[in-house]
Amino acid sequence: MSKFKSDFLRVLDERGFIHQISDPEGLDALALKGPITGYVGYDATATSIHIGNLITVTMLYWMQETGHRPISLMGGGTSMVGDPSFRDDQRQLLTVEQIATNIESIKKVYSRILRYGDGPSDAIMVNNADWLLKLNYVEFLRDVGRFFSVNRMLSFDSVKLRLDREQSLSFLEFNYMILQGYDFVELNRKYGTTLQMGGSDQWGNIINGVDLSHRMGGPQLYALTTPLLTTASGQKMGKTASGAVWLNDELFSPYEFWQYFRNTEDADVGKFLKIFTRLPLSEIARLEALGGSEINDAKKLLATEVTAIVHGRDAAERAEVTARATFEAGAIDLSLPSAEIRKSELNSGIGIQSALVLAGLAASNGEARRHISSGAVRVNDALIDDEKLTLTDASLLPEGVIKLSVGRKRHALLKPF
């Protein structure tokens with residue numbers, strides 16, 4: 001039973017989204033009183049956002065579903081500085097053109113999850129470059145910078161960790177938390193925004209905005225963060241052998257995305273269903289209670305529902321059909337993830353280790369060798385134990401591809417062109 005009275009916070013609480021709230025009672029009362037406006041900021045440091053961002057986008061979805069107005073803030077300005085939080089080194093500086101390209105690339109994910117428009121609860125997408133790039137530096141220092149205590153900023157875990165390791169923190173990066181705090185104040189001025197949400201690593205940055213509003217004579221603002229999501233085995237969620245789980249299909253295919261959630265650990269099924277799907281809690285409780293082989297049905301439903309949210313229902317159903325054909329029928333499905341190889345290169349022969357790296361099934365030749373020595377690698381469903389095996393055009397199946405597998409659940413095709 002949730003302790004919150006507002007639908008918004010009750011839903012977030014019951015589904016496991018809440019880690020910290022700056023003033024739980026105050027925010028609950030405000031959300032109960034009438035529609036509020038809240039936002040999450042996303043820096044455009046890549047052409048896609050990833051699984052970790054999906055958690056906060058989903059919070060914006062539930063905000064909208066319970067009658068409030070969500071804002072997705074694109075960090076066109078802050079991306080030029082780079083968030084130093086819990087990083088060992090400075091982010092690579094991006095050009096204005098790179099940032100603009102990244103923003104355009106990641107917009108399509110938001111439009112599948114949030115409803116944008118001009119209505120009272122329709123989502124708004126704004127870019128902090130609209131005000132940050134116009135700031136007069138000296139005026140900004142006098143009007144905003146004077147409210148930030150360097151002593152306090154140095155005490156934040158995100159900064160302290162970097163300094164404790166005796167790693168450089170540039171003046172540029174040190175300004176990031178000031179800019180993020182100012183974003184909150186500016187969004188309150190422009191849109192009446194009273195809530196900022198984010199991951200638990202953003203708590204210090206968000207609280208800066210709450211404090212800044214108070215010091216500048218503004219209204220009471222609120223902070224809400226989600227817990228760091230880990231798997232039952234203690235691993236940080238969202239990483240695979242080949243890298244991050246991206247939400248754009250050109251970086252991580254719908255099939256790979258579906259398969260990632262299909263491979264969820266048994267103990268995580270209920271938690272992930274609550275956070276990533278829109279299924280009723282009563283249905284999730286039933287699925288969570290399944291035991292034995294039946295839990296696999298819950299995993300398939302989890303995979304299909306999350307993939308449908310991110311990539312669309314058609315892509316989700318195609319991924320499920322591909323998985324069924326690959327694992328249950330033993331067929332070669334040509335929609336499996338694939339890598340292209342020149343016919344001339346295949347005619348000359350490519351080593352199995354290089355082939356696994358090319359197909360994204362290993363990050364390096366060394367990792368490929370370890371997979372082979374552990375008996376995890378198959379070529380065209382035949383077990384391989386020779387780390388010096390060479391694949392040629394003679395290895396092609398009748399479908400004109402070579403099927404590579406690592407373990408039972410990771411597959412890819414080599415396609416000559």
Side-chain angles (χ1 to χ4, degrees), residues 40-61 72-76 79 82-83 85-87 91-92 94 98-114 125 198-199 201-202 226 228-231 235-264 268 272 275-277 302-316 318-320 322-323 335-340 356-364 367 406 409-413:
V40 178
Y42 305 91
D43 279 342
T45 54
T47 56
S48 173
I49 55 176
H50 52 73
I51 279 289
N53 302 128
L54 180 59
I55 300 171
T56 53
V57 179
T58 305
M59 286 201 299
L60 291 177
Y61 166 81
S72 48
L73 175 67
M74 307 309 297
S79 296
D83 185 0
S85 297
F86 300 100
R87 288 183 59 86
R91 292 182 185 273
Q92 179 182 354
L94 302 175
Q98 287 173 316
I99 292 170
T101 298
N102 290 347
I103 288 175
E104 286 304 312
S105 179
I106 63 181
K107 275 183 178 179
K108 61 184 180 183
V109 173
Y110 297 104
S111 62
R112 291 197 184 110
I113 298 173
L114 301 174
M125 181 174 286
D201 61 331
Q202 290 297 309
T226 63
L228 175 67
L229 198 60
T230 57
T231 64
Q235 300 295 314
K236 184 178 179 180
M237 192 191 179
K239 293 289 185 181
T240 69
S242 57
V245 180
W246 300 103
L247 303 191
N248 281 28
D249 54 14
E250 65 269 17
L251 296 180
F252 204 79
S253 73
Y255 171 81
E256 291 174 296
F257 190 84
W258 188 95
Q259 196 61 46
Y260 176 81
F261 278 96
R262 168 64 182 83
N263 293 338
T264 296
D268 289 326
F272 290 177
I275 290 175
F276 292 110
T277 79
L302 167 67
T304 299
E305 290 302 309
V306 184
T307 306
I309 289 169
V310 174
H311 295 290
R313 182 64 61 178
D314 288 346
R318 285 197 301 270
E320 186 174 9
T322 297
S335 63
L336 281 169
S338 63
E340 292 187 332
L356 291 171
V357 173
L358 177 63
L361 297 176
S364 64
E367 184 180 334
V406 172
K409 297 180 179 179
R410 297 180 61 215
H411 307 275
L413 304 177

Report the distance from atom [atom1] of [X] to atom [atom2] of [Y], rounding to the nearest 0.5 Å.
X      : Y      : atom1 : atom2 : result
Asp268 : Asn263 : CG    : CG    : 12.0 Å
Tyr260 : Ile51  : OH    : CD1   : 6.0 Å
Leu356 : Arg410 : CG    : CZ    : 9.0 Å
Tyr42  : Met125 : OH    : CE    : 9.0 Å
Ile99  : Ser79  : CD1   : OG    : 5.0 Å
Thr226 : Asp201 : OG1   : CG    : 8.0 Å

Quick one: salt bridge (charged side-chain N to carboxylate O under 4.0 Å, His left out) partners of Glu250, sequence neighbours excluded?
->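 With sequence neighbours excluded, Glu250 shows a salt bridge (charged side-chain N to carboxylate O under 4.0 Å, His left out) to Lys108, given in chain and number order.
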
Heavy-atom closest pair, residues [X] and [Y]:
X      : Y      : result
Ala339 : Ala359 : CB-CA, 3.9 Å
Thr56  : Gly199 : CG2-N, 4.1 Å
Pro337 : Ser253 : CG-OG, 3.9 Å
Gln259 : Ala323 : OE1-CB, 4.1 Å

Are any of the side-chain heavy atoms of [X] and [Y] separated by less than 4.5 Å?
X      : Y      : answer
Asn102 : Thr45  : no
Leu54  : Val306 : yes
Leu229 : Ile275 : yes

* Which residues satisfy the ring-ring contact (aromatic ring centres under 6.0 Å, His included) test with Tyr61, sequence neighbours excluded? ->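 None.
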
**Any residue meeting ring-ring contact (aromatic ring centres under 6.0 Å, His included) with Phe261, in chain and number order, not counting sequence neighbours** =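 Listed in chain order: Phe257, Phe276.
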
Between Leu247 and Phe252, does a side chain to side chain contact (heavy atoms under 4.5 Å, CB included) hold up when you go through it step by step?
CA-CA 7 Å; Leu247 303 191; Phe252 204 79; over 6 Å; no

Q) Listed by chain and number, what are the side chain to side chain contact (heavy atoms under 4.5 Å, CB included) partners of Ser364, not counting sequence neighbours? A)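 For Ser364 the side chain to side chain contact (heavy atoms under 4.5 Å, CB included) partners, ignoring immediate neighbours, are Glu367.
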
Worksheet item: Of all residues at least two apart in sequence or in a different chain, which pass the side chain to side chain contact (heavy atoms under 4.5 Å, CB included) check with Ala46?
Response: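 Ala46 satisfies side chain to side chain contact (heavy atoms under 4.5 Å, CB included) with Trp246 only.
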
Tabulate below the donor-acceptor pairs under 3.5 Å that side-chain atoms of residues 307-314 make, not counting sequence neighbours, or state none.
from: Thr307; atom 1: OG1; to: Ala303; atom 2: O; distance (Å): 2.6
from: Arg313; atom 1: NH1; to: Glu305; atom 2: OE2; distance (Å): 3.1
from: Arg313; atom 1: NH2; to: Glu305; atom 2: OE1; distance (Å): 3.4

Please walk me through it: do Val40 and Val57 pass side chain to side chain contact (heavy atoms under 4.5 Å, CB included)?
-> CA-CA 8 Å; Val40 178; Val57 179; over 6 Å; no

### Task
Take Met74 and Ile106 through the side chain to side chain contact (heavy atoms under 4.5 Å, CB included) test and state the conclusion after the steps.
CA-CA 10 Å; Met74 307 309 297; Ile106 63 181; 3.2 Å; yes

Under a plain distance cut-off of 3.5 Å, with no hydrogens placed, do Asn248 and Thr47 share a side-chain donor-acceptor pair?
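No donor-acceptor contact under 3.5 Å links the two side chains.
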
